[in-house]
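A short write-up of the structure that comes next.
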Amino acid sequence: MSEVDIEWPWQYSFPPFFTLQPHPETRSKQVTAWKSLILTYCQKTKTYVIDVREASQFPVFNNAAINRKLEHSVIVSILCELQKHGNAAPLDKAKNRWEIYWHTLEEWASMVYEFVSNRGMQNTVVTLYELAHGEDTREEEFHGIQQEVFVKALRVLERERKCEVIMDDDMQGVKFF
Amino acid sequence: MRRRAGLGAIQKQKLEQEKYKDKGNEIQENQFEQMTKQLEVFKINLEEFATKHKNEIRKNPEFRKQFQEMCASIGVDPLSSGKGFWSVLGIGDFYYELAVQIVEVCLATNYKNGGLIGLDELRTRLIKARGQSKQHQEISKDDLIRAAQKLKIFGSGFNVVPMGKGKYMVQSVPGELSMDHSAILQQAEKNQAFVSVSYLRRELSWEMERSQKALEHMVNQGLAWVDLQNPQEKLYYFPSLFTACVNASS
């Protein structure tokens, strides 16, 4: 388990936080806190994919200090809640592997498009690597974004006819309009 | 032969009776007048006292407490009257303002403590919320209890729960807390915010059923959280007593 530099909320050290609460109102508070904790954790650690089967590898779901773990089924149900607001999506039918969007795909898309518009980069082709890892985007929130998530965000722009994604074997790029 | 009572005697008797009555009325009126005068003097004195010490009463919590106690001993409740000479003091306003702020803090922290808050945490948050401008006005726990008790008039929604040893909690959600529930809170308070059935058996000699009933009630009130990952038994946690929760900034 790797050390994580994150400011844990008080709930993280609260043992019952790791047991799904029977009382509906309490449970809803609990789930809300979990949703926000998962997103914060993924953002801080740049975790784009969570495999629920290996959840105990992630400190967020496993607080060794108090010996409490979040159960598999509870994690899935919270991820399903995140999915409702576009903050997560399952990658397989069994809902084992999940992509986490601490910014929704739409938010990522508009960040990228704003950057491109400000730079007057429309009508030129840029490689995905250049955009996500290039020197120019070092200060941008989307710098270092994982390719799979990046492409999904660009597909959002594509549907709005604001770009065209080019996925050739030798060159993955995008042309903005 | 005995002389029969004449008309004159009856009239004489009647006259005497009337005289007595007049005299009685006179005395009564006199007394009333005197009492009114005394009351007037008392009122003036009290007003003078209140006005003279207005600032101390507003500023000094110890003084305020004594003033409250003094009023209580002569059967006056400065909180219940917003008009008349008490309004000179603005002491009612002071407590009304506090009461409103208590409600605000309780609502703002409800999402994490389920509507139960320790008096210390309440005070810290309230003072923080009052901000810099009111800093000169020190708020004591006694003030808070007085103000919170005033909120009872809104029904069972607000309650001050004595925890013993001068500690209190303020409950801001409807639902009665019995003696058993406050006993549980007291136990949890000295046990890192949690208890269990066996813990209560050990500390209070309670039967399992009694503990379970009381604990489940508190879960259903949203005051307690259950922890099923303790290897021995189910634990019941109270966020309102959990240090990290109490100290959390948000």
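Residue numbering restarts at 1 for every chain, and letters A, B, ... go by the order of the sequence lines.
Side-chain contact check for A:I66 versus B:Q229: every heavy-atom pair is 4.5 Å or farther apart. Residues B:V226 and A:H23 are not in side-chain contact: their nearest non-hydrogen atoms beyond the backbone lie 4.5 Å or more apart. Within the 4.5 Å cutoff, the side chain of B:W225 has heavy atoms near those of the A:T26 side chain. Looking only at side-chain heavy atoms (C-beta outward), B:Y236 and A:P16 stay at 4.5 Å or farther from each other.
Within the 4.5 angstrom heavy-atom criterion, atoms from both the backbone and the side chain of A:Q30 approach chain B. Contacts of A:F17 with chain B are made by both backbone and side-chain atoms, with heavy-atom separations under 4.5 Å.
With respect to chain A, the highest number of heavy-atom pairs below 4.5 Å among B:L235, B:N230, B:T243 belongs to B:N230. Among the candidates A:E25, A:R27, A:K69, A:E71, the residue making the largest number of heavy-atom pairs closer than 4.5 Å to chain B is A:K69.
No donor-acceptor distance shorter than 3.5 angstrom exists from the side chain of B:K112 to the backbone of A:W10, with no hydrogens or angles considered.
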Under the side chain to side chain contact (heavy atoms under 4.5 Å, CB included) criterion, do B:V219 and A:Q21 qualify, and how do the steps go? CA-CA 9 Å; B:V219 170; A:Q21 292 303 304; 5.5 Å; no
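Judged purely by distance below 3.5 Å, without hydrogens or angles, the side chains of B:N110 and A:K29 pair a donor atom with an acceptor atom.
By the 6.0 Å contact criterion, NZ on A:K46 is enclosed, its count of non-hydrogen atoms from other residues, nucleotides or ligands being greater than 12.
Ring pair A:F14/B:Y237 is perpendicular by interplanar angle, where above 60° counts as perpendicular and below 30° as parallel.
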